[in-house]
Amino acid sequence: MEVPQGWHVQIKRVYEAPEASDGFRVLVDRLWPRGVSHERAALDLWLKDVAPSPELRTQWNHDPVHFEEFAQRYREELDENPAARHLEDLIQREGTVTLIYAARDSKINHARVLRDYLAAGELST
């Protein structure tokens, strides 16, 4: 199921200030970000089960050389992950959703893969 037109899914680091334009804020990391209080994070939901499995995260270790392989394996995990369907339902209900992540690299991270996966309607039915 594809995210309907007019609805917006964006990504943002947890260390950036929350804004009204963020809409519904969902932390998509399995671990709580270091040095961030619950108040400062200003989250509506922590959906840790949509994050990559600990095994996949450990194998990848944020190595840019292996990002494409990681992204493919993560998409395969998402195909079988009920939390991805829950997130998709939430996006349809809320309209504007910001996927919050803690990784340092804004281009090579799982939140970007997740956002693109949802936008492409890759979730198998």
Side-chain angles (χ1 to χ4, degrees):
M1 188 183 309
E2 192 170 338
V3 173
Q5 197 168 11
W7 296 12
H8 188 64
V9 178
Q10 57 195 1
I11 62 172
K12 189 175 195 177
R13 286 192 78 213
V14 71
Y15 304 102
E16 296 176 48
E19 299 172 309
S21 62
D22 291 346
F24 197 87
R25 293 170 51 90
V26 181
L27 179 63
V28 294
D29 283 351
R30 197 165 292 274
L31 304 174
W32 186 262
R34 291 181 190 177
V36 177
S37 68
H38 288 265
E39 293 77 26
R40 180 173 166 216
L43 300 173
D44 295 296
L45 178 66
W46 180 12
L47 191 59
K48 58 180 129 182
D49 290 338
V50 80
S53 67
E55 297 80 18
L56 180 56
R57 188 174 53 86
T58 301
Q59 288 171 358
W60 174 43
N61 199 27
H62 293 273
D63 183 346
V65 173
H66 300 289
F67 182 69
E68 288 306 318
E69 177 186 351
F70 161 78
Q72 179 58 39
R73 291 188 55 208
Y74 182 37
R75 287 189 294 267
E76 290 169 4
E77 284 187 356
L78 289 168
D79 283 341
E80 304 299 323
N81 188 341
R85 191 164 308 281
H86 175 75
L87 181 56
E88 187 178 55
D89 292 343
L90 188 136
I91 292 164
Q92 291 178 5
R93 186 178 72 237
E94 297 295 332
T96 298
V97 173
T98 300
L99 307 178
I100 305 296
Y101 68 97
R104 288 185 185 140
D105 194 318
S106 64
K107 293 187 175 33
I108 299 176
N109 63 65
H110 75 283
R112 182 171 297 278
V113 175
L114 177 58
R115 184 210 49 208
D116 294 349
Y117 175 91
L118 293 163
E122 291 189 44
L123 194 56
S124 60
T125 56

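All heavy atoms count here, side chains included; hydrogens, waters and symmetry mates do not.
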**Prompt:** Would a hydrophobic clustering, with Ile, Leu, Val, Met, Phe, Trp and Tyr connected at side-chain separations under 4.5 Å, put L78 with W46?
**Reply:** no

**Where S106 and Y101 come nearest, the two heavy atoms and their spacing** = CA-OH, 3.4 Å

**Complete:** Heavy-atom closest pair (L56 atom, P52 atom, distance to 0.1 Å) is CD2-CB, 4.2 Å

**Asked** Which heavy-atom pair separates D44 from G23 by the least distance, and what is that distance?
**Response** OD2-O, 3.7 Å

**Message:** Taking D63's backbone N and O only, do any of them form a donor-acceptor pair with N61's side chain (distance below 3.5 Å, no angle check)?
**Reply:** no

**Message:** For I100, run the side-chain contact (heavy atoms from CB on, under 4.5 Å) check against L27, V26, V36, I11 and tell me which one passes.
**Reply:** L27

**Message:** For Y74 and F70, take the angle between the two ring planes, folded into 0 to 90°, and tell me which bin it lands in: parallel under 30, tilted 30 to 60, perpendicular over 60.
**Reply:** parallel

**Prompt:** What closest approach, in Å, do A83 and L47 show between heavy atoms, and which atom pair accounts for it?
**Reply:** O-CD2, 3.7 Å

**Request:** With sequence neighbours left out, write down each residue that passes side chain to side chain donor-acceptor pair (under 3.5 Å) with Q10, or none if nothing qualifies.
**Result:** H8, T98

**Prompt:** Got a sec, which pairs hit side chain to side chain donor-acceptor pair (under 3.5 Å) with one end in residues 24-37, sequence neighbours left out?
**Reply:** D22-R25, D29-H110

**Asked** Got a second to check how far L118's CG is from R85's CZ, nearest 0.5 Å?
**Response** 11.0 Å

**Complete:** Residues N109 and R112: closest non-hydrogen pair is OD1-N, 2.8 Å

**Item:** Check: Q72/E76 side-chain N/O donor and acceptor closer than 3.5 Å
**Value:** yes

**Message:** Is the shortest side-chain heavy-atom distance between L45 and H86 below 4.5 Å?
**Reply:** yes

**Co-membership, hydrophobic cluster, residues V113 and V97, 4.5 Å side-chain** = yes

**Asked** Counting distance only, does the side-chain N/O of E69 pair as donor-acceptor with the main-chain N or O of H66 below 3.5 Å?
**Response** no

**Request:** Looking only at non-hydrogen atoms, find the nearest pair between S21 and T96 and report the distance.
**Result:** O-CG2, 3.6 Å

**Prompt:** What about Y117 and V28, same hydrophobic cluster or not, with Ile/Leu/Val/Met/Phe/Trp/Tyr joined at side-chain heavy-atom distances under 4.5 Å?
**Reply:** yes

**Message:** Would H62 and R104 count as a side chain to side chain contact (heavy atoms under 4.5 Å, CB included) here? Give the steps.
**Reply:** CA-CA 10 Å; H62 293 273; R104 288 185 185 140; over 6 Å; no

**Request:** Could you check if a side-chain atom of L87 sits within less than 4.5 angstrom of a side-chain atom of L99, using non-hydrogen atoms only?
**Result:** yes

